[in-house]
**Student:** 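Quick one: structure below, then a few questions.
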2 protein chains.
Amino acid sequence: MTDPVFTGGERAPTGVEVAAWIRQRIRRGSFAPGQRLIEVDIIRQTGASRFKVREAFQRLEGEGLVETEEFRGASVRSASIDEVRQIYRARIALEGICAADFTRKASAEQIAKLERLQDELDACVTENAPERFGRLNLEWHALLVEGAENDVIRQLLERLNVPIHRLLFESFYSPNRLKHANADHHRILRAIKAGDADGAEAAMRAHVGNGFSTLSNISDEFFG
Amino acid sequence: MTDPVFTGGERAPTGVEVAAWIRQRIRRGSFAPGQRLIEVDIIRQTGASRFKVREAFQRLEGEGLVETEEFRGASVRSASIDEVRQIYRARIALEGICAADFTRKASAEQIAKLERLQDELDACVTENAPERFGRLNLEWHALLVEGAENDVIRQLLERLNVPIHRLLFESFYSPNRLKHANADHHRILRAIKAGDADGAEAAMRAHVGNGFSTLSNISDEFFG
DNA sequence: CTCCGGCAGATTGTCAACAATTTCGTCAGC
DNA sequence: GCTGACGAAATTGTTGACAATCTGCCGGAG
């Protein structure tokens with residue numbers, strides 16, 4: 001998956017496309033929290049008209065990713081440590097119920113796919129590859145949410161994850177976090193394969209909660 | 001609580017205000033699902049400039065309340081029966097965790113306030129006043145979410161509730177629904193007062209789930 | 001040296017005019 | 001009566017110009 005790029009010869013990007021372009025940069029940290037989003041810069045980089053860029057800003061503010069101030073334009077909204085805590089609380093609730101629904105609804109293939117991904121995650125642990133683990137971990141969670149067959153929740157989680165995207169990766173550099181997170185995954189998988197929806201939900205909630213605890217320990221690096 | 005009104009003598013409304021104005025009309029059903037939102041009509045009714053109205057549309061589309069189509073403008077997004085199911089699933093997760101967090105965090109005053117509201121709800125049951133019950137019920141849930149001290153979740157729930165706002169009221173005209181919903185409330189309150197966060201969460205999840213079941217029974221009236 | 005006021009450039013907010021497209025009534029032809 | 005082409009009206013999309021505000025620089029007063 002690459003950045004949306006708008007090369008010269010093609011049509012001008014729409015507001016939705018510009019919003020996606022900005023969203024991805026925010027996720028990746030190219031646009032840091034608090035950074036002002038200058039209209040002309042984005043116009044230059046995307047080839048979109050000013051109108052479309054402003055349209056994208058509105059949309060992103062509706063999503064809660066940027067905030068605008070009179071005559072100061074749009075800037076990337078930065079999440080406080082308390083807001084991160086709130087986001088994690090929401091994730092606990094939503095990913096938890098997804099684990100339960102996945103257990104009830106997932107096909108054998110979907111479970112097998114999850115297990116294959118888990119094998120790769122296991123390899124990352126033995127090789128101590130936190131970066132790769134972070135990427136595959138995202139896929140793993142996305143696959144599980146996908147299998148819960150609830151687009152409303154899937155979209156909510158996608159939005160909630162944007163402000164904490166970088167933190168998710170950072171946490172895996174913390175000692176033993178890889179091992180512990182992986183153990184959580186195995187507990188979740190065991191419950192799913194046993195058809196124990198409640199157990200899967202409880203295990204997932206614990207897993208997400210552990211993620212936040214780790215984050216809190218390394219949070220000084222990111223917050224005041 | 002009245003509609004945001006923009007009388008002649010005052011300043012022109014901002015995009016945020018226009019969005020709020022439209023949002024409230026969607027909630028109340030003045031703007032029905034599928035209905036097109038004509039720019040000039042809204043300009044006439046709000047006194048906002050065309051620019052601000054379009055700004056509001058963008059924002060509302062970001063929130064998922066409105067969908068826009070090329071050269072056909074904005075229209076109120078209509079939720080399918082399956083999307084309503086998904087929304088309820090999200091509500092079960094989020095309101096459930098709020099009940100648990102409320103139990104842990106709420107002050108004595110907040111609990112007392114919830115009980116006072118509950119007394120009024122009880123009165124509505126004996127008097128069989130579904131309309132009033134519906135309004136107070138919203139307040140009751142809002143108060144509980146408020147006490148959970150999680151603005152992220154509060155905002156998510158507010159957005160999720162918009163498309164089902166009318167359905168929430170309709171369900172209370174169903175026979176015995178008032179009585180059953182009220183019994184659920186008492187169960188939740190009992191758990192809260194006992195400091196039983198898990199019990200409160202379970203009771204809330206059952207309560208919201210029951211709401212959807214009732215809805216499913218009367219859904220033929222609203223959906224195909 | 002520091003502080004303050006003001007000026008120039010940069011950046012965003014607003015609007016009105018025009019272009020593109022859809023919508024809907026009308027009417028000829030069958 | 002029905003169908004389909006046609007065109008006017010309605011509606012939305014886009015652009016560019018201008019207004020309002022902020023930001024940073026510079027020079028003078030103390």
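Below, chains carry the letters A, B, ... as their sequence lines are ordered, and counting in each starts from 1. Predicted model only: the values in this text are computed from it and were never measured.
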**Student:** Is the closest side-chain donor-acceptor distance between A:Asp101 and A:Asn150 under 3.5 Å?
**Tutor:** no
**Student:** Hey, can you tell me if A:His185 and A:Trp140 have their rings parallel, tilted or perpendicular (30° and 60° cut-offs)?
**Tutor:** parallel
**Student:** Please list, for nucleotides 12-14 of chain D, all pairs of protein and nucleotide N/O atoms separated by less than 3.5 Å.
**Tutor:**
unit_1	atom_1	unit_2	atom_2	d
D:dT12	OP1	B:Leu37	O	3.4
D:dT12	OP2	B:Glu39	N	3.1
D:dG13	OP2	B:Arg54	NH1	2.9
D:dG13	OP2	B:Arg54	NH2	3.2
D:dG13	N7	B:Arg50	NH2	2.6
D:dG13	O6	B:Arg50	NH1	2.9
D:dT14	OP1	A:Lys52	NZ	3.4
D:dT14	OP2	A:Lys52	NZ	2.5

**Student:** Does A:Ser174 reach the main-chain N or O of A:Glu170 with its side chain, forming a donor-acceptor pair under 3.5 Å?
**Tutor:** no
**Student:** For the OG atom of B:Ser75 and the CG atom of B:Leu65, what is their distance to the nearest 0.5 Å?
**Tutor:** 11.5 Å
**Student:** With heavy atoms of chain B within less than 4.0 Å as the criterion, where does contact along DNA chain C begin and end?
**Tutor:** C:dT14 to C:dT23
**Student:** Honestly, is B:Arg91 close enough over B:Tyr88, meaning NZ or CZ under 6.0 Å from the six-membered ring centre and within 45° of the axis?
**Tutor:** yes
**Student:** Would you call A:Arg23-A:Glu158 a salt bridge at under 4.0 Å N-O?
**Tutor:** no
**Student:** With a 3.5 Å cut-off and no angle check, do the side chains of A:Gln155 and A:Asp151 form a donor-acceptor pair?
**Tutor:** no
